[in-house]
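Comments concern the structure below.
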Amino acid sequence: MKIATWNINGVKARIDTVREWLGESQPDIACFQEIKSVDENFPRQAIEDLGYNLETHGQKGFNGVALLSKRPLEDVQRGIPGDDSDEQARYIEASVSTDAGALRFGCLYLPNGNPLGTEKFPYKISWMDRLIEHTKMRLAEETPFILLGDYNVIPDPIDAARPEVWSEDALFQPISRQNFRALINLGMTETVRACTEAPETYTFWDYQAGAWQKNNGIRIDHILLSPQATDKLNGCGIDKHVRGWDKPSDHVPVWVDLAA
DNA sequence: ATGGCTTGGCATCCAAGA
């Protein structure tokens with residue numbers, strides 16, 4: 001079973017690119033971030049025509065996440081618990097049934113947190129705290145749980161082409177990295193690093209300053225697996241070539257293959 | 001380089017992204 005995450009940077013602007021990638025990659029589950037659309041305006045038909053069930057959690061203008069699945073999506077949950085006043089659409093979770101049992105997927109768009117010194121950074125950190133608490137609860141269930149999306153965290157210096165330029169950025173702050181590490185330390189496996197130690201493994205290249213052409217990238221899109229999901233891990237990959245397509249997102253898809 | 005593109009919106013400039 002192929003499970004992918006991709007920050008598509010606007011579903012309206014990206015729908016043709018998204019459909020081309022879905023046809024090529026054929027994921028069983030796809031998790032999208034930054035759909036930048038309200039639920040009513042999401043181009044459902046263009047996705048459903050390719051054989052996918054679809055659940056969205058959108059808002060006007062920014063953010064927004066979506067789950068696609070060839071199997072029915074069950075027990076859909078929108079938002080990360082822990083702050084009823086949070087109106088930003090950044091999390092959607094659902095289950096699918098397989099012959100080997102249920103799998104649960106959490107699709108996340110973690111706050112960017114820039115610029116430092118504004119309310120945006122503490123919002124990022126508190127959002128991560130809520131994600132950690134929610135993940136503890138899921139792990140206690142001792143079932144396959146896949147937490148994937150745009151984490152907006154550069155875990156280590158090797159995950160940036162030029163780590164020094166990110167030193168004052170929310171994505172590479174010690175507390176951001178510590179919270180990401182705390183999530184892994186709960187017992188989650190970070191799949192890309194489980195599959196490769198290769199340097200220059202990135203998932204995002206800025207639109208500006210020829211970042212793609214210079215391979216000036218960062219690795220911020222991650223797939224974390226609970227122990228029960230890690231037991232099923234066959235492999236993982238990054239669809240880097242998609243960044244070179246016409247009308248690309250600035251992120252590329254990241255995927256895992258699970259025996260299920 | 002002082003964010004150099006790209007997106008969507010109370011749009012024809014602004015905010016937000018990373």
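Keep in mind that this is a model prediction, so the values were computed, not measured. Order of the sequence lines sets the chain letters (A, B, ...), proteins ahead of strands, with each chain counted from 1. Both backbone and side-chain heavy atoms feed into the values below; hydrogens, waters and symmetry mates do not.
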Could you state the [atom1]-[atom2] distance from [X] to [N], rounded to the nearest angstrom?
X        : N      : atom1 : atom2 : answer
A/Ile35  : B/dG9  : CD1   : P     : 11 Å
A/Asp16  : B/dT7  : CG    : P     : 12 Å
A/Ile15  : B/dG8  : CD1   : P     : 12 Å
A/Tyr207 : B/dA15 : OH    : C1'   : 16 Å
A/Gln33  : B/dT7  : CD    : C1'   : 16 Å
A/Leu171 : B/dG17 : CG    : P     : 11 Å
A/Asn152 : B/dA16 : CG    : P     : 15 Å
A/Asn112 : B/dT7  : CG    : C1'   : 15 Å

### Task
With sequence neighbours left out, write down each residue that passes ring-ring contact (aromatic ring centres under 6.0 Å, His included) with A/Trp166, or none if nothing qualifies.
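Counting only residues at least two positions away or on another chain, A/Trp166 forms no ring-ring contact (aromatic ring centres under 6.0 Å, His included).
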
Can you tell me, in whole Å, how much space there is between the [atom1] of [N] and that of [M]?
N     : M      : atom1 : result
B/dC5 : B/dC10 : P     : 26 Å
B/dT6 : B/dA11 : C1'   : 15 Å
B/dA1 : B/dA16 : P     : 27 Å
B/dG4 : B/dA15 : P     : 14 Å

### Query
With sequence neighbours left out, what residues match A/Asp206 under side chain to side chain contact (heavy atoms under 4.5 Å, CB included)?
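Scan of A/Asp206 (side chain to side chain contact (heavy atoms under 4.5 Å, CB included), adjacent residues dropped) gives A/Phe204, A/Gln208, A/Ala211.
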
Any side-chain N or O of [X] below 4.0 angstrom from OP1/OP2 of [N]?
X        : N      : result
A/Lys247 : B/dT7  : yes
A/Lys60  : B/dC10 : yes
A/Arg14  : B/dT6  : no

### Query
Sub-3.5 Å donor-acceptor pair from the side chain of A/Thr201 to the main-chain atoms of A/Ala198, do we have one?
yes

### Query
Is a side-chain donor or acceptor of A/Thr189 paired with a backbone partner of A/Thr191 at a separation under 3.5 angstrom?
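Not confirmed, A/Thr189 side chain does not pair with A/Thr191 backbone.
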
### Query
Would you say A/Ile29 and A/Ile35 are hydrophobically clustered, going by side-chain heavy atoms of ILVMFWY under 4.5 Å?
no

Within the 4.0 Å heavy-atom criterion, would you say [X] contacts the bases, only the backbone, or no part of the nucleic acid?
X        : result
A/Asn63  : nothing
A/Tyr151 : nothing
A/Asp221 : nothing
A/Ala13  : sugar-phosphate
A/Asp250 : nothing
A/Asp169 : nothing

#### Entry: Interface with DNA chain B, restricted to residues 120-128 of chain A and to heavy atoms under 4.0 Å
A/Lys120

### Query
Are any non-hydrogen side-chain atoms of A/Asp221 and A/Asn7 less than 4.5 angstrom apart?
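Yes - at least one pair of side-chain heavy atoms lies under 4.5 Å apart.
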
### Query
Taking side chain as C-beta onward, heavy atoms only, is A/Pro155 less than 4.5 Å from A/Arg177?
no

### Query
Taking the side chain of A/Phe62 as its heavy atoms from C-beta onward, which of B/dA16, B/dG9, B/dG17 lies nearest to it?
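Nucleotide nearest to A/Phe62's side chain: B/dA16.
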
### Query
If you check the A/Lys12 side chain, which of B/dT7, B/dG17, B/dG9 turns out closest?
B/dG9

## Note on the structure
Judged by nearest nucleotide, the residue sitting upstream toward the 5' end of DNA chain B, A/Gln59 or A/Asn114, is A/Gln59

### Task
For A/Pro115 and for A/Gly10, find the nucleotide of DNA chain B with the closest heavy atom, then tell me which residue's nucleotide is more 5'.
A/Gly10

### Message
I'd like to know if the side chain of A/Trp205 pairs up with that of A/Asn215 as donor and acceptor (distance under 3.5 Å, no hydrogens or angles considered).
### Response
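Side chains of A/Trp205 and A/Asn215: pair found under 3.5 Å.
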
### Message
Just checking A/Phe180 against A/Tyr151, ring centres under 6.0 Å apart?
### Response
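Yes: the rings meet the under 6.0 Å criterion.
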
